[in-house]
2 protein chains.
Amino acid sequence: MSTKNKILDAAEVLFADKGFNGTSLREITSLGEVNLAAVNYHFGSKKELIKAVMSRYMNELSPRLESALAALCQDDVQPTLNDVFSAFIGPLLHLNEFKENGTSTFLQLLGRGYTDSQGFLRWFLTTQYPDVFAHFTQAVHKAYPELSAEEMFWRLHFTMGTIVFTMSSSDALIDIAHSDFEREVDIAGVIKQVIPYVAAGVAAPIAF
Amino acid sequence: MSTKNKILDAAEVLFADKGFNGTSLREITSLGEVNLAAVNYHFGSKKELIKAVMSRYMNELSPRLESALAALCQDDVQPTLNDVFSAFIGPLLHLNEFKENGTSTFLQLLGRGYTDSQGFLRWFLTTQYPDVFAHFTQAVHKAYPELSAEEMFWRLHFTMGTIVFTMSSSDALIDIAHSDFEREVDIAGVIKQVIPYVAAGVAAPIAF
DNA sequence: ATCAAATTCAAACAGGCGTTTAAAATAGCG
DNA sequence: CGCTATTTTAAACGCCTGTTTGAATTTGAT
């Protein structure tokens with residue numbers, strides 16, 4: 001295992017758990033059992049390390065997500081909103097094969113990135129991976145053409161909020177569900193619960 | 001204006017904007033134009049200051065929220081989910097009279113508290129203000145009795161995520177909406193957009 | 001006015017932070 | 001092997017953090 005990957009592996013766990021601001025390079029290098037200076041040697045700075053951690057996941061996720069959404073767009077039949085959101089399931093759960101707890105870790109990182117560091121990750125995602133967003137809005141529009149661009153804007157951001165927030169605290173929620181309802185839940189179970197919710201939210205009748 | 005309130009006023013603005021971890025006591029005391037040591041003299045520690053900032057809002061909000069929800073529960077007619085979530089509007093917007101931009105600031109703080117500092121604020125809220133949660137779940141149950149406790153648990157947390165996440169980035173979203181759709185939006189406008197969304201999400205047909 | 005209590009203040013504390021340095025170790029190629 | 005380039009290492013850098021100290025000041029009741 002290369003030093004670079006030791007750092008990335010340690011960093012993603014700590015970043016997901018404690019946020020970017022809340023994790024120090026010394027915690028990362030001691031968990032990864034590498035020298036402190038290795039981070040700046042291999043990545044240049046902490047900010048670049050954060051980008052590298054996110055890129056590793058995005059490069060794994062985005063082609064699969066893009067083709068799943070593109071398939072919906074090119075298909076002749078009109079998809080339901082459930083179809084659109086369900087298109088995320090496969091690509092997201094694939095991250096579990098890419099890396100242990102990959103799905104959960106990635107979604108937690110996404111949540112951290114949206115609230116930590118005053119939205120620089122939002123900029124990073126929308127500028128580096130614009131096609132994913134374009135295909136997604138296109139698919140939603142196909143499923144619900146009556147929705148105006150402005151209403152879609154708001155509802156998609158609400159959806160992003162639901163997903164990202166839920167996942168960034170999914171460990172705690174899964175624990176509570178386990179103790180209160182004596183039910184085993186995993187990240188796939190949470191995803192299956194959240195899809196009808198966001199689909200119904202986006203499909204809500206238009207306010208006037 | 002007392003030193004204590006100068007500190008609280010400066011702290012809430014910075015906490016909302018940059019998070020709890022991301023704000024230093026020196027930033028707070030210099031914005032509030034008080035001595036650095038005053039924070040520890042009046043509040044004991046940074047952690048206690050955070051609690052005090054949140055308590056000031058919760059003590060203003062929770063009695064109004066509780067009575068609005070209690071009214072729904074005691075009423076003879078069955079409320080809709082829209083009614084339940086609309087019960088939040090009045091108490092939340094009242095924070096704008098309590099303090100300039102109070103609604104937005106409070107919701108941003110709530111969002112910060114849920115993701116910063118590993119959920120100690122969640123513990124604080126649920127243990128210090130349990131009645132608000134109890135009345136809320138009771139009202140939702142009255143509006144949608146078929147929903148099992150477990151499904152309600154998940155959907156209410158999804159809702160919390162939608163609200164908190166949206167509001168913690170509401171400034172950025174309002175800016176984007178303004179430039180993309182040339183439409184003036186304020187915090188009340190966002191709240192009116194989000195209520196049909198979360199009401200429809202909670203009302204979604206039960207998955208099986 | 002007096003005296004004690006409450007508050008403010010400048011200064012320093014110990015410790016953690018991201019980053020840099022220069023020497024030591026390792027690797028890869030002729 | 002010998003030599004160069006890459007990588008690892010321990011140590012230090014300057015800066016910022018939350019907190020504490022003890023003296024100066026202000027306050028409020030007698």
Side-chain angles (χ1 to χ4, degrees), chain A residues 1-56 108-109 112-121 123-124, chain B residues 1-56 108-109 112-121 123-124:
Chain A
M1 168 94 71
S2 70
T3 300
K4 227 169 162 168
N5 280 324
K6 279 192 207 167
I7 294 172
L8 287 171
D9 288 349
E12 69 170 42
V13 172
L14 294 170
F15 282 156
D17 191 36
K18 311 159 52 128
F20 301 118
N21 289 341
T23 302
S24 71
L25 294 186
R26 283 169 177 81
E27 292 178 274
I28 293 170
T29 54
S30 95
L31 178 62
E33 294 176 322
V34 302
N35 188 276
L36 167 63
V39 172
N40 288 278
Y41 177 76
H42 286 286
F43 297 95
S45 69
K46 184 179 180 180
K47 205 160 196 166
E48 289 299 320
L49 171 62
I50 296 174
K51 285 190 195 172
V53 167
M54 293 309 296
S55 293
R56 199 165 57 149
Q108 286 179 271
L109 288 171
R112 296 297 185 182
Y114 259 69
T115 49
D116 280 19
S117 60
Q118 277 155 315
F120 111 86
L121 190 68
W123 163 87
F124 174 70
Chain B
M1 167 95 69
S2 70
T3 300
K4 227 169 161 168
N5 279 325
K6 280 192 206 165
I7 295 172
L8 287 171
D9 288 348
E12 70 171 42
V13 172
L14 294 170
F15 283 156
D17 190 37
K18 311 158 53 127
F20 302 117
N21 289 342
T23 303
S24 71
L25 294 186
R26 282 169 178 82
E27 292 178 275
I28 294 170
T29 54
S30 94
L31 178 63
E33 294 176 322
V34 302
N35 188 275
L36 168 64
V39 172
N40 288 279
Y41 176 76
H42 287 285
F43 297 95
S45 69
K46 184 179 179 181
K47 205 159 196 166
E48 289 299 320
L49 171 62
I50 296 173
K51 284 190 196 174
V53 167
M54 294 309 297
S55 294
R56 198 165 58 148
Q108 285 178 276
L109 287 170
R112 296 296 185 183
Y114 259 71
T115 49
D116 280 19
S117 59
Q118 279 156 313
F120 110 87
L121 191 67
W123 163 87
F124 174 70

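Source: prediction; values computed, not measured. Every chain is numbered from 1 and lettered A, B, ... according to where its sequence line falls, protein lines coming before strand lines.
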- Item | Where protein sits on nucleotides 15-20 of chain D, one letter per nucleotide: B base, S sugar-phosphate only, - none, heavy atoms under 4.0 Å | --BBBB
- Message: Q108(B): which residues meet the side-chain hydrogen bond (donor to acceptor under 3.5 Å, both in side chains) condition with it, sequence neighbours left out?
- Response: S104(B)
- Query: Considering only heavy atoms, which members of residues 1-15 of chain B lie under 4.0 Å from some atom of DNA chain D?
  - Reply: none
- Message: Contact between F20(B) and R112(B) at the side-chain level, heavy atoms closer than 4.5 Å - yes or no?
- Response: yes
- Indicate the atoms forming the closest heavy-atom contact of A11(B) with L49(B), along with that distance. CB-CD2, 4.1 Å
- Message: Restricting to side chain to side chain contact (heavy atoms under 4.5 Å, CB included), what partner residues turn up for S30(A), sequence neighbours left out?
- Response: none
- Query: Do you know which two heavy atoms are closest between L8(A) and V53(A), and how far apart they sit?
  - Reply: CD2-CG2, 3.7 Å
- Message: For a 4.5 angstrom cut-off between non-hydrogen side-chain atoms, does E48(B) reach K51(B)?
- Response: yes
- Can you list the residues that meet the side chain to side chain contact (heavy atoms under 4.5 Å, CB included) rule with V34(A), with sequence neighbours excluded? T3(A), K6(A), I7(A), T29(A), A38(A)
- Task: Sort and list the pairs that fulfil side chain to side chain donor-acceptor pair (under 3.5 Å) and have at least one residue in residues 32-45 of chain B, not counting sequence neighbours.
- Result: none
- Item | Phosphate OP1/OP2 of dT6(D) contacted by H42(A) side-chain N/O (<4.0 Å) | no
- Message: Can you list everything that forms a side-chain hydrogen bond (donor to acceptor under 3.5 Å, both in side chains) with N5(A)? Sequence neighbours excluded, please.
- Response: S2(A)
- With E27(B) via side-chain hydrogen bond (donor to acceptor under 3.5 Å, both in side chains) - residues at least two apart: K18(B), S24(B)
- Query: Does the side chain of R26(B) come within less than 4.5 Å of L36(B)'s, by heavy atoms?
  - Reply: yes
- Task: Could you list where the contact with chain B starts and ends along DNA chain C, reading 5' to 3', using a 4.0 Å heavy-atom cut-off?
- Result: dA6(C) to dA12(C)
- Note, DNA chain D 5' to 3' with Watson-Crick or G-U pairs under 3.5 Å encoded as ( ), [ ], | and . gives ||||||||||||||||||||||||||||||
- Message: So which atom in D9(A) and which in M1(A) form the shortest heavy-atom distance, rounded to 0.1 Å?
- Response: OD2-CE, 3.7 Å
